[in-house]
J.: 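Next up is a structure, given as structure tokens.
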Amino acid sequence: MTSPPTALPSVPGLDVRVEDHVGWIVLDRPRHKNAFTGEMLRAWAEAYRAFQADDHVRAVVLTGTGDAFCAGADLGDLGQARSPLDSRRLMTEHVHPVARAAEDLAKPLIAAVNGVAVGAGMDMALMCDYRIVSDHARFSEGYVRVGLVPGDGGCHYLPRIVGRSRALRLLWTGEFVDADQALAWGLADEIRAHDRLRARAGEFAATLASQPPIAVELIKRAVQAGEHADLRTSLDLIASHQAVVQATADSAEALSAFLDKRPPHYTGE
């Protein structure tokens, strides 16, 4: 039985919606380079949780409006911490819930990076499973240039994506990486013309949404677990996943459609 649609958050600066089987989170503060507020952070994490709970949603796209993906935190809104404890709480209670909710999202999460992604804005893109970038995109961790350490998972995600030495270079210098260099280093998975970016992200998300959703989710979970497990543990886990998937109606439908040479129709059951 599929779950009913889940109520979506609605706050200024964040457009959250569902189109067909694709959930969209659009950062919409172009005059502020899509820097996020505390209110946006709460809704952002809530949106990931809502998409996870809604069986109608099978893939998620994160993008921005204007010429920026995200410039990180709006310090005018979030303010400056008065003490080390305040600083820690700002991170753990306001910023980090987005990373935790992204990690809990078993559905494909695609970043459509439409422009500059700086600091926590870059980290928000790194949390995604796949990054399609505009030919205008530029990345910078940036924290070190203002005397800070990466606060939103950059030290965790970046070495896993580009390797330790390249990650340290980017984290130590705060230098910018353009779209071509991002693709060469594996920071980006595709480059598209700026005016085609959102359409391409929607097309790719729709392709993933057309696959059997239970299998897609368990593939993501197996990859996540495999990053922290040995081979025997990974094989044991995938044997259990396979047993679950083969018992679903979608698995039977996939085989039937293949044999009948017709498009499959998946229900998520």
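Computed from a predicted structure; not experimentally measured.
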J.: To check you understand the geometry: which heavy-atom pair defines the closest contact between Pro9 and Val16, and what is its length?
T.: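 Minimum heavy-atom contact is O-CB, 3.8 Å.
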
J.: Sub-3.5 Å donor-acceptor pair from the side chain of Lys220 to the main-chain atoms of Lys107, do we have one?
T.: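 Yes, because the side chain of Lys220 sits within donor-acceptor range (under 3.5 Å) of the backbone of Lys107.
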
J.: Under the criterion salt bridge (charged side-chain N to carboxylate O under 4.0 Å, His left out), I'd like the reasoning laid out for Arg200 against Glu190: C-alpha separation, chi angles, the key distance, then a yes or no.
T.: CA-CA 10 Å; Arg200 168 56 187 155; Glu190 300 181 24; 2.7 Å; yes

J.: Can we say Arg169 and Glu141 salt-bridge, meaning some charged N sits less than 4.0 Å from an Asp/Glu carboxylate O?
T.: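 Looking at Arg169 and Glu141, the cut-off is not met.
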
J.: List the steps and the verdict of side chain to side chain contact (heavy atoms under 4.5 Å, CB included) for Asp250 and Thr267.
T.: CA-CA 7 Å; Asp250 280 349; Thr267 63; 3.6 Å; yes

J.: Consider only side-chain heavy atoms of I, L, V, M, F, W and Y, link residues closer than 4.5 Å, and tell whether Val162 and Leu171 are in one cluster.
T.: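 Yes, one cluster joins them.
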
J.: Does Val177 offer a backbone N or O that forms a donor-acceptor pair with the side chain of Ser140 under 3.5 Å?
T.: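 No, because the side chain of Ser140 does not come within donor-acceptor range (under 3.5 Å) of the backbone of Val177.
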
J.: Are Phe139 and Leu109 connected, step by step, through hydrophobic side chains (Ile, Leu, Val, Met, Phe, Trp, Tyr) whose heavy atoms are closer than 4.5 Å?
T.: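 Same hydrophobic cluster.
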
J.: Should we say atom CZ of Arg164 is surrounded by more than 12 heavy atoms from elsewhere, each under 6.0 Å from it?
T.: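 No.
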
J.: Does Asp135, at its CG atom, have more than 12 non-hydrogen atoms belonging to other residues, nucleotides or ligands within less than 6.0 Å?
T.: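 Count over threshold, so yes.
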
J.: Is His265 atom NE2 crowded by more than 12 heavy atoms from other residues, nucleotides or ligands, each under 6.0 Å away?
T.: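 No, NE2 of His265 has 12 or fewer neighbouring heavy atoms, counting only those of other groups under 6.0 Å.
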
J.: Run through the side-chain heavy atoms of Ile, Leu, Val, Met, Phe, Trp and Tyr, join any pair under 4.5 Å, and report what else lands in Val216's cluster.
T.: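 Listed partners: none, Val216 stands alone.
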
J.: Write down the atom of Phe69, the atom of Thr63, and the distance for their closest heavy-atom approach.
T.: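 That closest heavy-atom pairing would be CE1-CA, 3.9 Å.
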
J.: Judged by atom type as modelled, is there a donor-acceptor pair below 3.5 Å linking the side chain of Thr207 to the main-chain atoms of Glu203?
T.: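 Yes; at least one donor-acceptor contact below 3.5 Å.
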
J.: Count I, L, V, M, F, W, Y as connected when their side-chain heavy atoms are under 4.5 Å apart, and connections chain through other members. Are Met122 and Met91 then in the same cluster?
T.: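 Met122 clusters together with Met91.
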
J.: Looking at Arg89, I'd like to know if its CZ atom is crowded, meaning that more than 12 non-hydrogen atoms belonging to other residues, nucleotides or ligands lie closer than 6.0 Å.
T.: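 No - once you tally the heavy atoms of other residues, nucleotides and ligands closer than 6.0 Å, there are 12 at most.
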
J.: Considering non-hydrogen atoms only, spot the tightest contact between Gly154 and Pro159 and give its length.
T.: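 In terms of heavy atoms, the two residues are closest at O-CD, 3.8 Å.
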
J.: What distance do Ile161 atom CD1 and Arg166 atom CZ have between them, rounded to the nearest 0.5 Å?
T.: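 Interatomic distance, Ile161 CD1 to Arg166 CZ, rounded to 0.5 Å: 13.0 Å.
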
J.: Taking all non-hydrogen atoms of both residues into account, name the closest pair between Ala179 and Ile191 and its distance.
T.: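 Closest heavy-atom pair between Ala179 and Ile191: O-CD1, 3.4 Å.
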
J.: What heavy-atom pair brings His136 and Asn114 nearest, and what distance separates the two atoms?
T.: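 Nearest pair, atom of His136 first, then Asn114: CB-O, 4.4 Å.
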
J.: Report the relative orientation of the aromatic rings in Phe36 and Trp44; use parallel for angles under 30°, tilted for 30 to 60°, perpendicular for over 60°.
T.: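 Rings of Phe36 and Trp44: perpendicular, as their planes differ by over 60°.
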
J.: Report yes or no: do Ser210 and Arg58 form a side-chain donor-acceptor pair below 3.5 Å?
T.: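 Side chains of Ser210 and Arg58: no pair found under 3.5 Å.
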
J.: Side chains of Met127 and Leu62: closer than 4.5 Å at any heavy-atom pair?
T.: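 Side chain of Met127 against side chain of Leu62, heavy atoms only: no contact under 4.5 Å found.
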
J.: Which ILVMFWY residues can you reach from Leu148 by hopping between side chains whose heavy atoms are under 4.5 Å apart?
T.: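 So far as hydrophobic clustering goes, Leu148 is joined with Tyr143, Val146.
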
J.: Where the side chain of Arg131 meets the backbone of Ala125, is there a donor-acceptor pair that is under 3.5 Å apart?
T.: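 Here the side-chain-to-backbone pair exists.
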
J.: Quick check: closest heavy atoms across Asp129 and Asp189, and the distance to 0.1 Å?
T.: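 Looks like O-OD2, 4.5 Å.
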
J.: If we only count heavy atoms from C-beta on, is the Arg198 to Val61 side-chain gap below 4.5 Å?
T.: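 Arg198 vs Val61: side chains apart.
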
J.: Tell me whether Asp20 contacts the main-chain N or O of Val22 through its side chain, where contact means a donor paired with an acceptor under 3.5 Å.
T.: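 Looks like no, no N/O pair under 3.5 Å.
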
J.: I'd like to know if the side chain of Thr37 pairs up with that of Arg29 as donor and acceptor (distance under 3.5 Å, no hydrogens or angles considered).
T.: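 No.
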
J.: Establish, from distance only, whether the side-chain atoms of Arg49 and Gln52 form a donor-acceptor pair under 3.5 Å.
T.: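 The answer is no; no qualifying pair exists.
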
